[in-house]
Amino acid sequence: MRLRFDDSVEATRQEFREWLAANRPSVEEMAADPAVSTGHAPDWARRWTRAMFDAGWLVPGWPPELGGRGAGPIETFVVLEELAAAHVPRTTNVQGLGIVAPSIVDYGTPEQVRDHALPILRGELTACLGMSEPDAGSDLASLSTRAVLEGDEDTGEWVIDGQKVWTSGANYADFCFLFCRTEPDEPKHRGISILLVPMDAPGITVRPLPEIVHPDEPDLNEVFLDGVRVPAASLVGRRGDGWAMANGSLAHERGMVWVSAVMGLEEALGSLVAGAPAHLAAMGPHERALAVDQIVQIAIDTQAARCLGQRGFAKLARGGSAPEQALMKLYASDCRQRVARIAADVQGADSLELGSVPNDGHQAVDEPRGTWMEQWFHSFANTISAGTSEIQRNIVAERVLGLPRG
Amino acid sequence: MRLRFDDSVEATRQEFREWLAANRPSVEEMAADPAVSTGHAPDWARRWTRAMFDAGWLVPGWPPELGGRGAGPIETFVVLEELAAAHVPRTTNVQGLGIVAPSIVDYGTPEQVRDHALPILRGELTACLGMSEPDAGSDLASLSTRAVLEGDEDTGEWVIDGQKVWTSGANYADFCFLFCRTEPDEPKHRGISILLVPMDAPGITVRPLPEIVHPDEPDLNEVFLDGVRVPAASLVGRRGDGWAMANGSLAHERGMVWVSAVMGLEEALGSLVAGAPAHLAAMGPHERALAVDQIVQIAIDTQAARCLGQRGFAKLARGGSAPEQALMKLYASDCRQRVARIAADVQGADSLELGSVPNDGHQAVDEPRGTWMEQWFHSFANTISAGTSEIQRNIVAERVLGLPRG
Amino acid sequence: MDLEFTDDQLELRDAARQVLAGACPPSLVRSLYEGTGSPEELWKVIRELDWPALGLPEEHGGLGLGFVEVGILVEELGRVAAPSPLLATVTQFAAAVRGSGSSFALGDVASGRRTGTLALADDGRWDPTRPPVRAESEGSGYRLTGRVTHVLDGDTADEVAVVVGTDRGPGVVAVPGSEVVASRQTTVDPTVPLATLEFDGVAVPTERVLLAPGAPGAADAIARIVDEATVAIVLSTVATCRAIFEATVEYAKVRHQFGRPIGSFQAVKHRLADCFLAVERAGALGWFAALTVAEDDPRRPVAVAMAKAAAADCAQLLSRDGLQLHGGIGFTWEYDLHFLLKRAVTGDLLFGGGAFHRSRVAAMLGLADDGEAQ
Amino acid sequence: MDLEFTDDQLELRDAARQVLAGACPPSLVRSLYEGTGSPEELWKVIRELDWPALGLPEEHGGLGLGFVEVGILVEELGRVAAPSPLLATVTQFAAAVRGSGSSFALGDVASGRRTGTLALADDGRWDPTRPPVRAESEGSGYRLTGRVTHVLDGDTADEVAVVVGTDRGPGVVAVPGSEVVASRQTTVDPTVPLATLEFDGVAVPTERVLLAPGAPGAADAIARIVDEATVAIVLSTVATCRAIFEATVEYAKVRHQFGRPIGSFQAVKHRLADCFLAVERAGALGWFAALTVAEDDPRRPVAVAMAKAAAADCAQLLSRDGLQLHGGIGFTWEYDLHFLLKRAVTGDLLFGGGAFHRSRVAAMLGLADDGEAQ
């Protein structure tokens, strides 16, 4: 246990910090053309991804040909930390860089890496993740979008029919990392495969689902697939292994996903603390103390999220297990929701105003943005998606605490 | 809707208030010989019950021969309210007067009323309620204490074997209202009967279970029954109807059980508000505001409990249904727990002291008493017994909200 | 204390609910959200039913019923997130007129010819002891200067009752909407239109002085007016929360995951039981507070502050759990749930949030530090 | 920042745990609750293992390890609710000596010949800026007057480090336990013996002045001493809570109701998941705070206050849910759970509860009103 990193890590931090200052997208260009969907990469974002890739900072732990530099997890952490401090997004295509590209690298063929993963990493393509369905939300293994192989496994075609929903970024993405049922006779967890599907393929209809805040910039979509045909070679990994890969994909960088969540939380707390005094001054002493205490409590939570994340990270970095990591999504998304509501309450009725905070493009689209009340509403995307907070608690109780299934 | 009762109700209140002032047990005699178990009736309590019975105030809604005066529910409410205001317990044998006697009146034979119910009502006997078993706590219908009838239904004897646990007052009570399985071949809810069993019957062993606070004055007991024999005529109601009667018994005075809970809460809040200023004065302004806010919140809860109780009561008194009554046990016991912990927190580390509040006998033994921290520990008796708060939430969700069983 | 409705009151409630099911469907609410509709037709229906007159005295064209009956209408409007000038007109403007001991314009209110509202908020704080508009004597009338925020229907109301501060103490005056510079605020819930009003030397003739500054008991009268308006917000907000609750219970019964209704999961059950408690708790406190207004009971200030604090708790819980338990569908613009969520969030904060009202309770219980706002 | 133990630290933890499993079984704790036992035998074992010496410098007979290693022992003692003078001796008395820049009696502490404690609390409030004992100069020493409450081991410790106030500022002196009038307080947890100490003109010779009142940086040094003692309470308390948590998880796996383990009910699962979070949260903050003490990092004051606040949250939740989820059995004197519950409740409040420490954080974040206690 100790508070400081090795000097070599701090040297990497310094190197990246200098590179970042020289190469980052400017505040003005991000604000002028912010991403409006997680499948959307504005020109500055494409250039930025390419610059990160070329310099080996995009995925530092990977080899140079994949946009990295063979760095250790602590160096990667430091890079993420510096990006957050500089208010520069690592990517606007969160699922593409965070889940799709790593999954293709792990499970795909060399051609899939060449044609799909690398273009994501070079900022040339964006990808979306086709998982949830109307009757398979938290219960993903029940998905029913079906793909049937016509012809053989080399030259045939998959024919896909079904419907996805809550597909982030599908309205802008170039291709979809699509979970389909290919083995209808197998048990439900063993019948799912993954296909790479161009979003401009005939038979695909994307219907954006405006959200309860920022309805003019929808990120979630319904995706209808009606006899969509893709080559047999679009299969990622083995048939029927989709569920296992999904758990692998979603767990990807599991030691790291907390970083952006915690740093988003820290940024939100910083804004809250900076903006609070003007509102606190208008309150009587009793109400002010209560408001301050809410801020203090979320400040403690923020610090705790940071410490919990780093504690688990240290265990994983040493090759151990880190049961507390299972709590991080639950905790961070709950804190992110509370910080927004606390901040809104501190503003009082003024928090009811909409649209007064412009999108400056420094955050990924799936992070809460806008006014505090808008952020609060938006934050439910995180407590609902990719396993609601209820499901997360079940997972913790069963997998970590070893409680029996109900 | 209106705030005030009819003049006739207020006249009854005044009449009772005057009678109470003239006939109540004195503060000194209660404090000199407080009840130490819910099966324990000190001499003053026996005299007091008899006086209430004779004057028709004990169960105002019953006819005079049963200790009442044929009063309406609102008059009964007013009597309970005045008792609480005067800090006089209605009885020390809570289960006897509240559940056993009414159940015998409802379901028993005239002989059982004469020999068991009336003696309770006249302060001559005390009774305990034998329900929970080691493997049948929240899941009462699983109880396994067995009674077998030897001989016929008129002249035979029930032979009882088994074990009860958490039996309040069994260490002092004269008899037990015992739930046993008499029809082992019936479905579990239909195989239970109720027997009246003298606690001095051969084969009964009572082992008090000291509690985590006030261990010197145990109220809960294990009761072992080993070949205990009682006459066939000890059966209350019909064979196999025990579960149905239990639901009837526990629901007895269901429009009224909230009254003592709410008044206990109001008394606790009153003590908290009265005692708080000395502790608040030592705090800094911020900590003080937080402590005050805790008090305010529990004050709001207390007021809400009163309003909720009275709202449901008004509906029931008109013959309607009152779904909010199902919340009252849950809410009142939760509030009673919180008021104690809030009060302890306001005292700070001083709350760790034990034994500094003598038992003045004005409360029933099953109500939290002693220091605030002792009260807090004691309060779990209410959130655990007679259906834990978890079970209560299930009941509300399923029976009131109509949600499907899991 | 009898907190249950009489048969007549139950009948009124059922009738109102039936009317609104027809006259205020979710599509009307949606049309306001999408900028394509107006509350005019609904207001016409409400006027034809004499709802504006319901709680006003017969001598002014009213039906002579009480605040409980008005509260029943307020609840029913809140249940369906109805856009309507009734709330501000009856529970704010008419309350201000009557609470001032005046009968100004009550006939027109009763007939539905004039709408009104109450202006008090200073940058989102409703403190009757510190009104943001100053009144300077001018002849036998006054001249007003100041800026008020969050005035309900502030850009459309015919009459604005303004709580004013003077050197002699607070008072209440009525200003025609046409003489006020109003800017509509862009807020989360278009069914609760809020506006900022600027008073830049507006002249108030003597006949429009409802409660003369410096009159004996003026501060108490104003406190009572604000309490009445606050209780109405409570009843409306809790009714909205109850609608969220009912929608969520129904959704939990029909939405299946893992092969069973989500309402069969114990965690969902327990959250809904807690939501039920929050709604019943706030409802019971709300109606107790309403009764103290109706009967002018001295427990009113504490009861109202407690009720608003409980309504805030309820709105916070139901907006959160209602949205969370609906999952993704509740997060979409197309689904109607968000009308209720946004209405609940608005009601939480209008006329002061939970912490503000708890600070009032603290002061009234004698527990707050000196210098606390009452 | 690396918040995970090194291999050596893990080894120390496992060894300590094994020792205490043998030397501090629940029966020992029970014997203190029932007034039939004493902590003497355990203390002998602890001394033989050199635990008092662990964190002391080698020049005073110590083993030269750091505060993290001391914290590991504190955790293990807290896990089993061990009655032992180690906590007060090492994390209060020795911390006061060393934090004062003194080496008074450290050799005897290291060898286990002398135990010690720290006296600061004024009627249950631990505010280093307002010590309840006054020191008046007398010759080259001082004379002490005042009354301190909640002194851990206060009636048995050989040495009492007393934080004193003077006109020149605060200081720290050591008083032999034999010269103090101590009254044992009857509190909920006999494994954490607390006493009230009366100082009625006790003379302190110059060699017992650890930190001279008025010395530069005295207030900061005292704040650091109190922070170190506070972090130790945090680590101990969170470890106790973790033991409650683990016991409750195990109980939920074996206790059956309605034909299945209660741990299979979703409501129980979710509460246990929340308990797990509370323990991990407080544990992570506790170790971060411990590191700031170990490395004398400037983030220490905020980190310690946050950690104590989180430990209080954790203790409140685990004492409540641990008891509730155990049902009736946990409510009985015969079952060992209550030793842990009472230890958690005690740790929540010693050295200040959650609200007190949050008020410190508020002040340090610059958000509190003026005049706030730091």
Side-chain angles (χ1 to χ4, degrees), chain A residues 132 134-139 141-142 165-166 209-216 218 220 222 278-279 282-291 293-294 337-338 341 344-356 371 373-374 376-378 380-381 383-385 388-391 393-394 406, chain C residues 121-127 149-150 185-189 192 194 255-259 262 265-268 271 312 316 319-320 323-328 330-335 337-338 341-342 345-346 348-356 358-360 362-363 367-373:
Chain A
S132 292
D135 290 317
S138 294
D139 181 14
S142 293
V165 72
W166 320 127
L209 289 168
E211 296 157 28
I212 56 178
V213 283
H214 308 303
D216 298 337
L220 302 176
E222 288 181 307
H279 298 283
M283 299 176 186
H286 186 91
E287 186 186 1
R288 181 160 56 241
L290 302 185
D293 195 57
Q294 293 291 304
Q337 193 161 88
R338 280 188 289 122
R341 189 62 181 246
D345 284 350
V346 168
Q347 291 180 316
D350 285 348
S351 70
L352 299 171
E353 301 257 357
L354 286 188
S356 51
T371 68
M373 192 63 88
E374 287 166 333
W376 182 73
F377 277 112
H378 199 152
F380 285 84
T383 55
I384 291 170
S385 71
T388 64
S389 296
E390 287 70 33
I391 301 293
R393 281 191 177 80
N394 280 350
Chain C
D122 183 7
D123 243 339
R125 300 188 66 77
W126 285 259
D127 183 347
T149 65
H150 300 88
Q185 298 173 260
T186 306
T187 56
V188 69
D189 182 356
V192 179
L194 300 172
R255 169 70 177 166
H256 281 63
Q257 287 282 278
F258 303 99
I262 62 170
F265 289 100
Q266 207 184 27
V268 174
R271 281 175 89 152
Q316 295 248 343
S319 59
R320 189 192 73 189
L323 180 44
Q324 179 70 25
L325 291 173
H326 269 81
F331 192 65
T332 62
W333 185 264
E334 295 177 352
Y335 197 74
L337 181 72
H338 68 105
L341 300 175
K342 291 168 179 173
V345 159
T346 303
D348 170 4
L349 296 169
L350 286 189
F351 282 78
F356 173 71
R358 294 204 306 277
S359 76
R360 294 182 64 218
L367 292 170
D369 285 336
D370 291 332
E372 198 63 38

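Below, chain A is the first sequence line, B the second, and so on; all start at residue 1.
The most heavy-atom pairs under 4.5 Å with chain C, out of A:Ser142, A:Ala282, A:Gly355, A:Ser356, come from A:Ala282. Here C:Thr187 is the residue among C:Thr149, C:Thr187, C:Leu325 with the most heavy-atom pairs under 4.5 Å with chain A. The candidate with the highest count of non-hydrogen atom pairs below 4.5 Å against chain C, out of A:Met283, A:Gln347, A:Arg341, is A:Arg341. Ranked by heavy-atom pairs under 4.5 Å with chain A, the first of C:Leu341, C:Asp123, C:Val268 is C:Asp123.
Using a 4.5 Å cut-off between heavy atoms, A:Ala136 touches chain C through its backbone atoms (N, CA, C, O) alone. Looking at C:Leu337, neither its backbone nor its side chain comes within 4.5 Å of chain A, counting heavy atoms on both sides. Interface remark: A:Pro134 contributes backbone atoms only to the contact with chain C (heavy atom separation under 4.5 Å). Interface residue C:Ser319: backbone and side-chain heavy atoms are both found under 4.5 Å from chain A. Heavy-atom distances place the side chain of A:Gln337, and not its backbone, under 4.5 Å from chain C. If you measure heavy-atom distances from A:His378 to chain C, the contacts under 4.5 Å come from both the backbone and the side chain. When heavy atoms are compared at a cutoff of 4.5 Å, C:Arg271 approaches chain A solely by way of its side chain, counted from C-beta outward. Residue A:Ser351 touches chain C through its side chain alone, counting heavy-atom pairs closer than 4.5 Å. Contacts of C:Gln316 with chain A are made by both backbone and side-chain atoms, with heavy-atom separations under 4.5 Å.
Tested against A:Leu352, the residues C:Val345, C:Val192, C:Asp189 include a single side-chain contact (heavy atoms from CB on, under 4.5 Å) partner, C:Val345.
Between C:Leu323 and A:Phe377, the closest heavy-atom pair is CD2-CD2, 4.1 Å. Taking both residues in full, the closest heavy atoms of C:Gly328 and A:Ile384 are given as N-CG2, 3.6 Å, listed atom of the first, atom of the second, then distance. Closest approach of C:Ser359 to A:Glu287, counting heavy atoms only: CB-N, 4.0 Å. The minimum heavy-atom distance linking C:Gln185 with A:Glu353 is given by the pair NE2-OE2, 2.8 Å. Nearest heavy atoms, A:Met373 versus C:Leu349: CE-CD1, 3.9 Å.
At distances below 3.5 Å, not a single donor-acceptor pair connects side-chain atoms of A:His286 with backbone N or O atoms of C:Ala362.
Residues C:Glu334 and A:Ile212 fail the side-chain proximity criterion, which asks for heavy atoms closer than 4.5 Å. Residues C:Tyr335 and A:Leu209 have side chains not in contact (no heavy-atom distance under 4.5 Å, counting atoms from C-beta outward).
Atom OG1 in A:Thr383 sits 9.5 Å away from atom CZ in C:Arg320 (nearest 0.5 Å).
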The test is side-chain contact (heavy atoms from CB on, under 4.5 Å); show your working for A:Asp345 and C:Phe356 and say whether it passes. CA-CA 10 Å; A:Asp345 284 350; C:Phe356 173 71; over 6 Å; no
